[in-house]
Amino acid sequence: VTDDVAAVMRHLKLRKAHIAGCSMGGMVVQAFAARHPQRTQGLCLIDTTAWYGAEAPRQWRERAATGRDQGLAALVAFQATRWFGDAFRTAHPEVVAALTRIFLANDVQCYVATCEMLGDADLRPLLPSIKAPAAVVVGEEDYATPVAMAEALHHALPQSTLAVLPGGRHITPAEKPGDIAERIRSLITKGR
């Protein structure tokens, strides 16, 4: 995937860029920054981790099995409460519905493969090689990638800042877009 991002940048004639990603996208950003440091001007890591922990292979495979055996709809209630806080779900059912439609449109076999990949992923050895400025952002109530995981990223990345967004859960770009935009803007401004 990281080479695909680099290929798109070459096609667009972008020498360097600030790269941002949420959740699994944040893991892609970490891998990209380590593999393509010359193309990484800065990175914004949102509601993500470098490693889900020792129990992750089992936990992610259980989630994959639920999706495979019962269908992705069986995971919607679990996912929605992880994505957004209670107040946000009540106030913005249209956002929850839109993300649910996107989730349900996934190919089940791709979902299974993704779960297995996330369970096995350990990007921690790559982090010391990332020298670009980084903004680590996490929702205060994110229990998919908790604040402790964001703190671990922040401590492992030599040029990073950490922002904990009050009341945010796991998909803060949808839940708190203004806060995320401000963190990205700040990262870009520092890089000038």
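Each residue takes its place number in the sequence, starting with 1.
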Does the pair R61 and D120 meet the rule for a salt bridge (Lys or Arg N to Asp or Glu O under 4.0 Å), with working shown?
CA-CA 10 Å; R61 280 166 176 75; D120 294 343; 2.8 Å; yes

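- M9 CE: more than 12 foreign heavy atoms inside a 6.0 Å radius.
- Using a distance-only test at 3.5 Å, with no hydrogens or angles considered, no donor-acceptor pair links the side chain of K190 to the main chain of G42.
- Atoms CZ and CG, on R183 and L162 in that order, are 9.5 Å from each other to the nearest 0.5 Å.
- A side-chain N or O of H170 and one of S23 form a donor-acceptor pair less than 3.5 Å apart.
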Tabulate below the donor-acceptor pairs under 3.5 Å that side-chain atoms of residues 90-97 make, not counting sequence neighbours, or state none.
from: T90; atom 1: OG1; to: D86; atom 2: O; distance (Å): 3.1
from: H92; atom 1: ND1; to: E94; atom 2: OE2; distance (Å): 3.4

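- Interatomic distance, F103 CZ to Q79 CD, rounded to the nearest 0.5 Å: 4.5 Å.
- In this structure, the separation between OH on Y52 and CD on Q59 is 11.0 Å, given to the nearest 0.5 Å.
- C115 contributes atom SG, which lies 11.0 Å from atom CD of E62 (distance to the nearest 0.5 angstrom).
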Given V136 and T161, is the side-chain contact (heavy atoms from CB on, under 4.5 Å) satisfied, shown in steps?
CA-CA 6 Å; V136 179; T161 60; over 6 Å; no

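- Distance CD1/I180 to SG/C22: 7.5 Å, rounded to 0.5 Å.
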Checking L165 against V138 for the side-chain contact (heavy atoms from CB on, under 4.5 Å) test, could you report, in this order, the C-alpha distance in whole Å, the side-chain angles of both residues, the deciding distance, and whether it holds?
CA-CA 6 Å; L165 303 181; V138 64; over 6 Å; no

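- The CZ atom of R89 sits 6.0 Å away from atom CZ of R169, with the distance rounded to the nearest 0.5 Å.
- Counting non-hydrogen atoms of other residues, nucleotides and ligands closer than 6.0 Å to CZ of R58 gives a total above 12.
- Salt-bridge annotation for R82 and D142: absent, with no side-chain N of the basic residue lying under 4.0 Å from a carboxylate O of the acidic one.
- Closest of all the heavy-atom pairs between R63 and Y111 is CD-OH, 3.0 Å.
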